Visitor: 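Before I ask anything, let me first share the structure, which is written out below as structure tokens.
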Amino acid sequence: MSSQERQFTAHTHDGEIVGWVRGSDPDLPKAVLLHGGPGLSEYMAPLSVEFDGLLTSARYQQRGLAPSEVGGDVSVDGHVADAIALITALGWEKPVVVGHSWGGHLAMHLAVAHPAMVGPLVIVDSLGAVERGGQREFGPNLRRGLSAAQMDRLRELEEIGEPTSDQIREHLGILWPNYFGDPSKPAPMPQTEFAANADQTWASIQAHFRKGTLARRLPRVESPALVIHGERSPIPVHQAARIAQLIPNAQLVVIPGVGHWPWLERPGTMRDIIGAFLDSAMSH
């Protein structure tokens, strides 16, 4: 946590969610940042820095890992309830919600479940809203160009019944370059921790896909939405296009040559795109 951030705690019915607010200018829009995973440690600090002077931002560790509650309800609905508790604790009225990857998927669920609590949506390289969100293509895309030795090691790691954090981190490290537009020049992988109960969140995600929750309810979202996607993301661009089609007041921006992490690959681009979107959204 930098000296420009302050820590805060949101109390839920069964624990605490811990986060960090950056910025204090009362004239700037407020934004809640939702990291991906599910079940990963919070990694949005570099993006919050990029938003300096544009947004007052709050990022937080999602349930499943310290310093937030490690147990309890890690379903999609439980994560939505945690986000609402956080917004309530901050006292923010209809903040911008910026979600990346699984966090973008969570942002959509938040918007359909509590439309009165959220403002403009920014959905960044998100797990999609329909057809299992692009999961069928995601795995093969991450394995493109890997050597036989790397593929063998992935299989070994995937056959371990209860892998350690180091083994999960090794698995992610093998795939990591293919998250980027140019796999030969990936950004350094952050030191990542992994929640033990992420499989419960994935089960809930799949249940919502079967029910068609987002396909049915996104067309009723009234908030303006910006869908940002990397042209070379392992999540297919057509998933982002489908999200933009489902939300009535949405626009799609595909960033050429970029993969899953736009702010790591092309610093400043996210700020420029989101700034222009908010100028338009706040003026209407």
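Source: prediction; values computed, not measured.
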Visitor: Check the pair Val49 / Phe51 against side chain to side chain contact (heavy atoms under 4.5 Å, CB included), numbers first and verdict last.
Guide: CA-CA 5 Å; Val49 173; Phe51 290 154; over 6 Å; no

Visitor: For Asp73 and His13, which I'm curious about, is there any donor-acceptor pair between the side chains at under 3.5 Å?
Guide: no

Visitor: Check the side chains of Thr213 and His109 for a donor-acceptor pair under 3.5 angstrom, ignoring hydrogens and angles.
Guide: no

Visitor: Taking all atoms of both residues into account, what is the closest heavy-atom pair of Val254 and Gly230, and its distance?
Guide: CG1-C, 4.4 Å

Visitor: Just so I know, are the side chains of Glu265 and Lys185 near enough to count as touching, which here means a heavy-atom distance under 4.5 Å?
Guide: no

Visitor: For Ser41 versus Thr192, what's the shortest heavy-atom pair and its separation?
Guide: OG-CA, 3.5 Å

Visitor: If we check side-chain contact (heavy atoms from CB on, under 4.5 Å) with Val122, which of these qualifies: Val227, Ile274, Val97?
Guide: Ile274

Visitor: Taking the side chain as C-beta and beyond, is there a heavy-atom pair between His229 and Ile235 under 4.5 Å?
Guide: yes

Visitor: Are any non-hydrogen side-chain atoms of Leu90 and Lys30 less than 4.5 angstrom apart?
Guide: no

Visitor: Quick one: does Asp125's side chain get under 4.5 Å of His100's, heavy atoms only?
Guide: yes

Visitor: I'd like to know whether Glu5 forms a salt bridge (charged side-chain N to carboxylate O under 4.0 Å, His left out) with Arg59, so could you lay out the CA-CA distance, the side-chain angles of the two residues, the decisive distance to 0.1 Å, and finally the verdict.
Guide: CA-CA 10 Å; Glu5 291 184 318; Arg59 59 187 179 88; 3.0 Å; yes

Visitor: Is there a path from Val21 to Leu28 through hydrophobic residues (I, L, V, M, F, W, Y) whose side chains come within less than 4.5 Å of each other?
Guide: no

Visitor: Is there a salt bridge (charged side-chain N to carboxylate O under 4.0 Å, His left out) between Glu156 and Arg153? Walk through the geometry before answering.
Guide: CA-CA 5 Å; Glu156 291 174 359; Arg153 183 55 179 158; 2.9 Å; yes

Visitor: Group every Ile, Leu, Val, Met, Phe, Trp and Tyr by side-chain heavy-atom contacts under 4.5 Å, then state whether Met270 and Phe277 land in the same group.
Guide: yes

Visitor: Can a donor-acceptor pair be found between the side chains of Thr12 and Arg63 at a distance below 3.5 Å?
Guide: yes

Visitor: From Asp82 CG over to Leu34 CG, what is the distance, rounded to the nearest 0.5 angstrom?
Guide: 11.0 Å

Visitor: With the 4.5 Å side-chain cut-off for hydrophobic clustering, are Val221 and Val96 part of the same group?
Guide: no

Visitor: Angle between ring planes, His79 versus Trp102, binned at 30° and 60°: parallel, tilted or perpendicular?
Guide: perpendicular

Visitor: Between Gln135 and Gln206, do the side chains contain an N or O donor and an N or O acceptor separated by less than 3.5 Å?
Guide: yes

Visitor: On the 0 to 90° scale, with breaks at 30° and 60°, tag the Trp261-Trp263 ring pair as parallel, tilted or perpendicular.
Guide: perpendicular

Visitor: According to a hydrophobic-cluster definition based on side-chain heavy atoms being under 4.5 Å apart (Ile, Leu, Val, Met, Phe, Trp, Tyr only), do Leu33 and Leu40 belong together?
Guide: yes

Visitor: Once you round to the nearest 0.5 Å, how far does CG of Leu172 lie from OG of Ser165?
Guide: 12.0 Å

Visitor: For Glu158, is there an ion pair with Arg143 - N to carboxylate O distance below 4.0 angstrom?
Guide: yes

Visitor: Is it true that Phe209 and His105 have ring centroids separated by less than 6.0 Å?
Guide: yes

Visitor: Got a second to check how far Thr88's OG1 is from Leu86's CG, nearest 0.5 Å?
Guide: 8.5 Å

Visitor: Taking the side chain as C-beta and beyond, is there a heavy-atom pair between Leu110 and Leu121 under 4.5 Å?
Guide: no

Visitor: What's the verdict on side chain to side chain contact (heavy atoms under 4.5 Å, CB included) for Leu47 and Val124, showing C-alpha distance, side-chain angles and the deciding distance?
Guide: CA-CA 12 Å; Leu47 188 57; Val124 184; 5.9 Å; no

Visitor: Which heavy atom in Ser204 sits nearest to a heavy atom in Ser75, and how many Å separate them?
Guide: OG-CB, 3.5 Å

Visitor: Would you check if the side chain of Glu42 reaches a backbone N or O of Met44 as a donor-acceptor pair within less than 3.5 Å?
Guide: yes

Visitor: Side chains of Ile168 and His171: does their closest heavy-atom pair fall under 4.5 Å?
Guide: no

Visitor: Could you tell me whether the side chain of Leu246 reaches within less than 4.5 Å of the side chain of Leu214, counting heavy atoms only?
Guide: no

Visitor: Do Asp52 and Arg22 come close enough that some side-chain heavy atom pair is under 4.5 Å?
Guide: yes

